[in-house]
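The structure appears right after this line, and notes come after that.
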Amino acid sequence: MSLTLFNSLSRKPEPFVPLHPDRVTMYVCGPTVYNYVHIGNARGPVVFGILARLLRRHFPRLVYARNITDVDDKINQAAIEQQVPIGTITDKFAAAYREHMGALGVDLPDLEPHATAHIPQIIAMCERLIESGHAYAAEGHVLFAVETYPEYGQLSRRSTDEMLAGARVEVAPYKRSAGDFVLWKPSTPELPGWDSPWGRGRPGWHIECSAMCEAAFGETIDIHCGGIDLQFPHHENEVAQSVCAHGGKPFARYWLHNGMLNMDGRKMSKSLGNVFRIDEVLANHPAEALRLALMSAHYRQPLDWTEGLIEQCVRTLDRLYGTLRELASIQVGAGAIPETVESALLDDLNTPQALAALAQIAADARRASDDAERARLKSGLLAGGLALGLLQQDPAAWFARGTADGGLDAAAIDARVQERQAAKQARDFARADAIRKQLAEQGIEVEDTPAGPRWKVAAK
RNA sequence: GGCCUGGUGGCAGAGUGGUCAUGCAGCGGCCUGCAAAGCCGUGAACGCCGGUUCGAUUCCGACCCAGGCCUCCA
């Protein structure tokens with residue numbers, strides 16, 4: 001089985017072959033830490049995290065970097081408003097980012113480069129671009145000269161002419177050409193800045209990713225991932241800077257772009273204000289259901305974020321964990337990932353198909369009567385779940401989810417369930433039903449089994 | 001306006017030139033004191049119009065609709 005990835009560069013699925021057989025390199029554009037991120041920001045980390053796990057299974061070594069951009073005008077603005085150094089802002093939100101991603105089951109990358117730790121590399125890259133004629137200094141700025149890179153626009157499929165013709169933004173007077181973008185810009189005394197050949201200043205938006213990729217991986221990386229909204233201008237500019245700084249060597253060989261999360265059919269975005277912060281969503285829903293929701297559509301498709309979607313994911317997990325609960329007595333060790341799940345993932349990360357395969361395995365497992373067969377299927381279910389970052393908790397923990405912090409006390413629920421059981425055994429069904437109804441009103445569903453009663457937190 | 005996606009059953013969402021996606025919800029049955037869970041069975045789809053083909057939801061073209069990027073954005 002081999003991995004196929006849809007490459008934004010060619011707009012086609014391509015077999016993935018790493019540049020060096022012994023090492024795969026992958027870079028995901030991480031957050032600019034000026035605020036809490038929203039649930040849409042988690043889609044890339046979740047699906048590309050699944051890709052990272054997949055690559056680790058199929059190649060001897062993966063080095064996966066996800067950056068933190070910790071210098072930026074929005075950070076500066078927040079720092080000025082709160083009268084604190086930018087580090088106070090960036091430390092706080094970088095920590096929150098890690099915490100929220102962790103809650104969603106996103107693995108930490110191997111490397112987490114910070115832009116402010118790469119200022120010398122950024123300056124060096126600017127100098128090289130100036131020396132080679134691809135950039136120029138003007139009024140304390142360093143600008144990339146788009147016209148020196150004829151392939152500019154290749155990734156996002158747009159021509160320089162069209163962009164210049166359609167330019168709506170006022171062009172700064174120091175730009176030679178309207179499409180030129182800033183690599184370095186001057187800082188006023190109240191803004192953070194670093195000494196440079198062009199005076200005290202700070203990096204522009206795109207250069208940090210180029211510099212960090214180079215620092216971590218060298219001139220050419222295998223896979224570069226990010227949201228489709230970053231394709232232009234961010235990724236296009238990264239390509240231009242890196243290729244020109246490296247004498248024409250390719251920058252990223254495979255570009256992967258994830259689709260946007262929508263709210264009522266519109267992109268969830270900070271500028272539109274139609275966002276759900278991750279901590280808000282986590283407060284109201286099981287994290288694993290949110291993770292499942294983020295992979296419920298193929299990563300390149302847009303995904304409508306609704307309460308109904310989350311509820312459906314909770315029910316889906318109820319069923320999968322229900323299967324595992326039924327198989328609780330079957331002992332299994334670590335197993336191989338079922339072929340149906342793995343082949344779906346190898347086909348451009350087709351998570352919906354992988355989930356369908358998982359559902360099929362669960363159904364087979366419930367029907368199987370032979371213990372050896374049940375063990376095999378349970379092992380496959382757990383291994384397939386692990387590949388997706390799902391199904392790794394104790395089923396009992398899933399069904400009792402949120403009782404401790406949701407104002408419900410598991411021991412008290414147990415006591416009520418026992419009361420009902422006693423009433424039942426006394427054939428006082430009216431009382432038993434009254435207790436069950438009361439618990440249902442608290443969101444607890446009681447189920448009777450041959451082994452005695454059990455309960456779970458109901459899907460909303 | 002330019003460039004680019006996509007329109008699949010009640011909902012979500014894969015996929016395919018000619019037999020099944022899958023999940024949730026629904027319906028009938030089994031089980032249950034009654035339920036729930038589970039099991040068995042079951043209906044239901046490919047935006048619109050042409051074309052290619054023995055045959056198209058799948059390929060081609062036009063049209064309609066929705067969304068994204070062109071400005072900070074995952």
In plain terms, say whether [X] and [Y] are close enough for a salt bridge, that is, a side-chain N and a carboxylate O under 4.0 Å apart.
X        : Y        : result
A/Arg420 : A/Asp448 : yes
A/Arg158 : A/Glu151 : no
A/Asp73  : A/Lys185 : yes
A/Lys74  : A/Asp72  : no

Pairwise [atom1] distance, [M] and [N] [rounded to whole Å]:
N     : M     : atom1 : answer
B/G10 : B/G47 : P     : 13 Å
B/C48 : B/A56 : P     : 15 Å
B/U52 : B/C39 : C1'   : 47 Å
B/A36 : B/G43 : C1'   : 25 Å
B/G9  : B/U57 : P     : 14 Å

Between [options], which nucleotide gets closest to the side-chain atoms of [X]?
X        : options             : result
A/Ala359 : B/G67, B/A74, B/G23 : B/G23
A/Arg420 : B/G33, B/C70, B/A74 : B/G33
A/Arg11  : B/C69, B/G68, B/C4  : B/C4
A/Gln301 : B/C69, B/A14, B/C11 : B/A14
A/Glu447 : B/A37, B/A25, B/A14 : B/A37
A/Asn350 : B/A12, B/A14, B/G23 : B/A14
A/Arg157 : B/C70, B/C3, B/A74  : B/C3
A/Lys267 : B/C34, B/G68, B/A14 : B/G68

Pair A/His141 + A/Trp184: ring centers closer than 6.0 Å: no
What contact category does [X] fall into here, base, sugar-phosphate, or nothing, at under 4.0 angstrom with non-hydrogen atoms?
X        : result
A/Glu311 : nothing
A/Val446 : base
A/Gly322 : nothing

A/Arg11 atom CZ, over 12 foreign heavy atoms within 6.0 Å: yes
Closest heavy-atom pair and its distance - A/His224, A/Ala252: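 Closest approach of A/His224 to A/Ala252: CB-CB, 3.6 Å.
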Along RNA chain B (nearest heavy atom to each residue), the more 5'-positioned of A/Ala430 and A/Leu303: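 Final value for this comparison: A/Leu303.
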5' precedence on RNA chain B between A/Arg427 and A/Thr32 (nearest-nucleotide basis): A/Arg427
Parallel, tilted or perpendicular, as decided by the 30° and 60° cut-offs, for the rings of A/Tyr149 and A/Phe144: perpendicular
Ignoring hydrogens and angles, are the base of [N] and the side chain of [X] linked by a donor-acceptor pair under 3.5 Å?
X        : N     : result
A/Asp318 : B/C24 : no
A/Ser156 : B/C69 : no
A/Asp433 : B/G33 : yes
A/Arg436 : B/A35 : yes

In whole angstrom, what separates [X]'s [atom1] from [N]'s [atom2]?
X        : N     : atom1 : atom2 : value
A/Arg315 : B/A37 : CZ    : C1'   : 13 Å
A/Arg319 : B/A36 : CZ    : C1'   : 14 Å
A/Asn258 : B/G6  : CG    : P     : 16 Å
A/Phe429 : B/U32 : CZ    : P     : 13 Å

Strand contacts (RNA chain B) in residues 365-386 of chain A, 4.0 angstrom heavy-atom criterion: A/Arg366, A/Arg367
Cation over ring face, A/Arg454 and A/Phe399, 6.0 Å, 45°: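 Cation-pi check for A/Arg454 and A/Phe399: fails.
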